[in-house]
Amino acid sequence: MDDWGVSSLLVLVGFPTGLMWVQSSAYVHQKARVVGSQSAGALADFEWFADSGR
């Protein structure tokens with residue numbers, strides 16, 4: 001197998017893997033953002049509750 005065959009094989013294998021990795025990392029970032037905003041909302045609610053309780 002020559003260099004061209006090796007590089008094309010690497011592209012064929014690496015491209016879908018890279019695509020999957022990008023999609024999964026984007027999914028993880030999205031999940032983290034959702035969880036982060038929910039925690040921030042819960043924290044704001046708690047602070048409001050603590051303030052109103054005084």
Side-chain angles (χ1 to χ4, degrees):
M1 195 183 259
D2 55 353
D3 290 342
W4 179 246
V6 170
S7 56
S8 61
L9 187 69
L10 279 176
V11 167
L12 278 175
V13 171
F15 185 69
T17 309
L19 205 62
M20 274 166 40
W21 185 82
V22 166
Q23 282 180 336
S24 64
S25 68
Y27 174 77
V28 166
H29 282 303
Q30 188 182 7
K31 278 288 181 201
R33 205 162 55 229
V34 167
V35 168
S37 62
Q38 283 176 347
S39 327
L43 193 64
D45 287 347
F46 179 75
E47 284 175 353
W48 177 86
F49 179 75
D51 286 344
S52 64
R54 272 193 292 236

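Excluded from the calculations below are hydrogen atoms, water molecules and symmetry mates; all remaining heavy atoms, backbone and side chain alike, are included.
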Applying side chain to side chain contact (heavy atoms under 4.5 Å, CB included), can you list everything that pairs with W48, at least two apart in sequence or on another chain?
S52
Residues 32-40, side-chain donor-acceptor partners within the protein, below 3.5 Å, at least two apart:
unit_1: S37; atom_1: OG; unit_2: R33; atom_2: O; d: 3.2
unit_1: S37; atom_1: OG; unit_2: V34; atom_2: O; d: 2.8
unit_1: S39; atom_1: OG; unit_2: V35; atom_2: O; d: 2.6

Drop me the distance from W4's CH2 to L9's CG, to the nearest 0.5 angstrom.
12.5 Å
Show me the side-chain donor-acceptor pairs of residues 15-28 shorter than 3.5 Å, one per line, residues at least two apart or across chains.
unit_1: T17; atom_1: OG1; unit_2: V13; atom_2: O; d: 2.8
unit_1: S24; atom_1: OG; unit_2: M20; atom_2: O; d: 3.1
unit_1: S24; atom_1: OG; unit_2: W21; atom_2: O; d: 2.9
unit_1: S25; atom_1: OG; unit_2: W21; atom_2: O; d: 3.2
unit_1: S25; atom_1: OG; unit_2: V22; atom_2: O; d: 3.0

